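Chain naming here is simple, since letters A, B, ... match the order of the sequence lines and numbering starts at 1 in each. Since the structure is predicted, the reported quantities are computational estimates derived from the model, not experimental observations.
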2 protein chains.
Amino acid sequence: MSQLPKQPAEVSVPTSADVARLAGVSRATVSYVLNNNATVRISEPTRRRVREAALQLGYVPHAAARSLRAGHSRMVLLPSGHIPAGPLHQYFFEELQSGLRRLDYTVVQYGSVGLTADEAATAWAELRPVAVVVPPGIALTPHGTGILTRSGAKAVITLGPGPVAGAHGLVMDQRQVGASAVEHLLARGRRHIGVVMPQEPCRAPFSEPRLVGARGVAEPAGARVCPLPLRYEEESAHRLAARWPELGLDAVFAYNDEYAMLLMRALQDAGVAVPADTAVIGADDSLIGRLLRPRLSTVRMELAMAQPLAETIDRMVQHPGGPPVHQDLLRTSAVHRESS
Amino acid sequence: MSQLPKQPAEVSVPTSADVARLAGVSRATVSYVLNNNATVRISEPTRRRVREAALQLGYVPHAAARSLRAGHSRMVLLPSGHIPAGPLHQYFFEELQSGLRRLDYTVVQYGSVGLTADEAATAWAELRPVAVVVPPGIALTPHGTGILTRSGAKAVITLGPGPVAGAHGLVMDQRQVGASAVEHLLARGRRHIGVVMPQEPCRAPFSEPRLVGARGVAEPAGARVCPLPLRYEEESAHRLAARWPELGLDAVFAYNDEYAMLLMRALQDAGVAVPADTAVIGADDSLIGRLLRPRLSTVRMELAMAQPLAETIDRMVQHPGGPPVHQDLLRTSAVHRESS
DNA sequence: TTGAAAGCGCTACCAA
DNA sequence: TTGGTAGCGCTTTCAA
């Protein structure tokens, strides 16, 4: 059977065996040198030959082979969903990533939109991460937690809004945001409080608990809470503003500063005076709120971490036996400006 | 030597061998069944036994072992940096991810801040991705491209702003944004044009080429371009606005709508009339621009993809030999509202 | 100081 | 229709 030569253009990726061959040593020696293994002494000339051979071939170790052999990886998986809400999250995740990298973990984000909770958990588990940090907006079930744990994850951490059985909960309880907003409005003498509910589905994991928090404060005080569906579009805002007189509200918590800007513009266009007729409060303490006229009252959010989360995760990975940690990272406070 | 039993709590992760044992078949059969291998016929009762065993043990295949054996992965690596600029990018990456997943690729984002271009390329190469898509703001050098290609990546794609030797370039040429903005301002009779340069470092990959584009249009027309450093803070904007009279500008391209909002507020507070004294144009065509008064003129951006990028990548992966693709995905157009 | 070899989990070839 | 088995790239123990 005459066989044509296999594709000659097919470049073969150099392995540690190629490095060993070029340096004239064994694969073991290559591994010792490139990993700076301290338990074994390799002569300086050999070290240099190995390093030069690796450089010359453009050798890059194969992470999968390494972790297969080691029996574990140092990968921390960060499922990612839709737009993470606000600069707070952006900052939080950058801190987390750089902290973990300093501790020599490999941080990988895995886009998980369009998967059910258990499909996603299985997909994550296939990568055999040593830890999984699930942000708000990504579903994690107790069953999914089980899948991950059984596949070797030493720490499964949910960032909220609520706890999940089997997982550590470093939650960001969004109910606080609604509670702080409504407390502020009550303190300013308002009693008929609208709560904007964004209709974009990716907002639901935040907006629902915020509404719950708002109710939890308003009802004991005898105030009324009215959910107000709103899409992030001018037309939706104008329709809501047109209904304003019949709603009989004297205040509104607008989900965040951007929705607040949208609604406030529509209210002003409809002749509703802010804050005289209706007080408005947003959330996020973003710059745009300070640029509005009247300046926007808002709920400021901060993350309290006794110690950087990266180190907490590292500890969980090293001592997997411990009891589930449950802690609320979020601290909220209302900031009074001119719109309330 | 009396040896205490190894940690009994140490749960062992089930492998295909465990599934085989429980189902009373060989590992080969397990592989055939779970991968729905069509080249081999397995009886229905056997299939069921295997599946039940897998379910009962909570078996999840080990992706690293699989791709090690296969000699290649289906991982597409998406390096991620700081905040991707604007909703356009958000949308773009979500489309890309879901498109790739439909084609059965695993999309993984790898946070690459704080690494040099070549360190990053090496870190990516260790994961042996089949393709790498480098967004704007992440550095990719020809050398880095070589590292990736030699470690088996079938397609290395940069999204701009400029081409990189060895990589495919599906660029988003930011110069167009500046050019469209300035063309618009010139058409409205302005000749002394400020260009806001955000001082946040993560903006530089966008702002620099935008300035270049602005210059490229202004200079042939005999107009003056003046770069205006600005931090995204009220105080920085007020200082810039205070210098406004001495700058002698009759128009400003404000980088994007958010910086435009910041600057426009500061100008108005300083008594500069918009657009009478100074025209302002932003970019991104975001909702906040339409909510401002005067309504903000802006540069709208769209991504032209002859066919979804995911399919282009799939083709590159399947036919790696092809010549480098070079294409500008960005389409820009000025939108005139009231601020210019 | 260095080398030989086993084995991590998986798939695909060949034999039964 | 099913099983045995080699081997992907790497690290690490043991032996020389």
Side-chain angles (χ1 to χ4, degrees), chain A residues 10 12-50 53-54 57-75 125-130 150-152, chain B residues 10 12-51 53-54 57-75 125-128 130 150-152:
Chain A
E10 187 75 26
S12 67
V13 180
T15 72
S16 75
D18 297 318
V19 177
R21 196 154 29 240
L22 182 60
V25 299
S26 75
R27 279 152 64 228
T29 307
V30 171
S31 175
Y32 293 143
V33 172
L34 297 184
N35 293 316
N36 285 313
N37 189 323
T39 68
V40 69
R41 310 303 304 172
I42 305 280
S43 69
E44 199 46 51
T46 305
R47 302 184 97 86
R48 208 173 31 243
R49 282 218 313 287
V50 169
L57 293 175
Y59 170 72
V60 175
H62 192 308
R66 173 178 292 175
S67 67
L68 182 59
R69 163 69 221 217
H72 59 260
S73 74
R74 286 186 70 80
M75 178 192 292
E126 290 188 357
L127 299 178
R128 297 290 192 273
V130 70
R150 267 194 312 275
S151 74
Chain B
E10 188 73 27
S12 68
V13 181
T15 72
S16 76
D18 296 319
V19 177
R21 196 155 29 241
L22 182 59
V25 300
S26 75
R27 276 150 65 225
T29 306
V30 171
S31 174
Y32 294 143
V33 172
L34 297 184
N35 294 317
N36 286 314
N37 189 322
T39 67
V40 70
R41 311 302 302 171
I42 304 279
S43 69
E44 199 45 52
T46 305
R47 301 185 98 84
R48 208 173 31 244
R49 282 217 315 287
V50 169
R51 277 198 247 274
L57 293 175
Y59 170 71
V60 175
H62 192 307
R66 174 179 293 175
S67 67
L68 182 58
R69 164 68 222 218
H72 59 261
S73 74
R74 287 187 70 80
M75 178 192 293
E126 289 187 357
L127 299 178
R128 295 289 192 274
V130 70
R150 254 176 289 121
S151 73

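Residues A/E126 and B/V60 come closest through the heavy atom pair CG-CG1, 3.5 Å. Nearest approach of A/L22 to A/L57, heavy atoms of both residues: CD2-CG, 3.9 Å. In terms of heavy atoms, B/T15 sits closest to B/Y59 at C-CE1, 3.5 Å. Between A/R150 and B/P14, the shortest heavy-atom distance links the atoms O-CD, 3.8 Å. For the residue pair A/A20 and A/R27, the shortest heavy atom distance occurs at CB-N, 3.7 Å. The two residues A/Y32 and A/V40 make their nearest non-hydrogen contact at CG-CG1, 3.6 Å.
Contacts classified as salt bridge (Lys or Arg N to Asp or Glu O under 4.0 Å) and involving residues 36-45 of chain A (residues at least two apart or in different chains) are not found. Residue pairs that meet the salt bridge (Lys or Arg N to Asp or Glu O under 4.0 Å) test with at least one member in residues 12-25 of chain B, sequence neighbours left out, are B/D18-B/R21.
Near-neighbour residues of DNA chain C inside residues 62-75 of chain A, defined by a heavy atom below 4.0 Å, number-ordered: A/L68, A/R69. Listed by residue number, A/S31, A/Y32, A/N35 are the residues of residues 30-50 of chain A with a heavy-atom contact under 4.0 Å to DNA chain D. Near-neighbour residues of DNA chain D inside residues 22-29 of chain A, defined by a heavy atom below 4.0 Å, number-ordered: A/R27, A/A28.
Residues forming a side chain to side chain donor-acceptor pair (under 3.5 Å) with A/S73 (at least two apart in sequence, or on another chain): none. Qualifying side-chain contact (heavy atoms from CB on, under 4.5 Å) partners for B/T29, counting only residues two or more places apart in sequence or in other chains: B/V25, B/S26, B/V33, B/I42, B/T46. Under the side chain to side chain donor-acceptor pair (under 3.5 Å) criterion, B/S151 pairs with no residue at all, not counting sequence neighbours.
Taking 4.0 Å as the cutoff to heavy atoms of chain B, we find the contact window on DNA chain D bounded by D/dT1 to D/dG9.
From B/R66, atom CZ reaches atom OG of B/S16 across 10.5 Å, with rounding to the nearest 0.5 Å. Of the inter-residue distances, the one linking B/H62 atom NE2 with B/S67 atom OG reads 9.5 Å to the nearest 0.5 angstrom. Taken from CG in B/L68 to CZ in A/R69, the straight-line distance is 13.0 Å, to the nearest 0.5 Å.
Over its full length, the helix from C/dT1-D/dA16 to C/dA16-D/dT1 turns its helical axis through 50°, comparing axes from the five pairs at each end and rounding to 10°.
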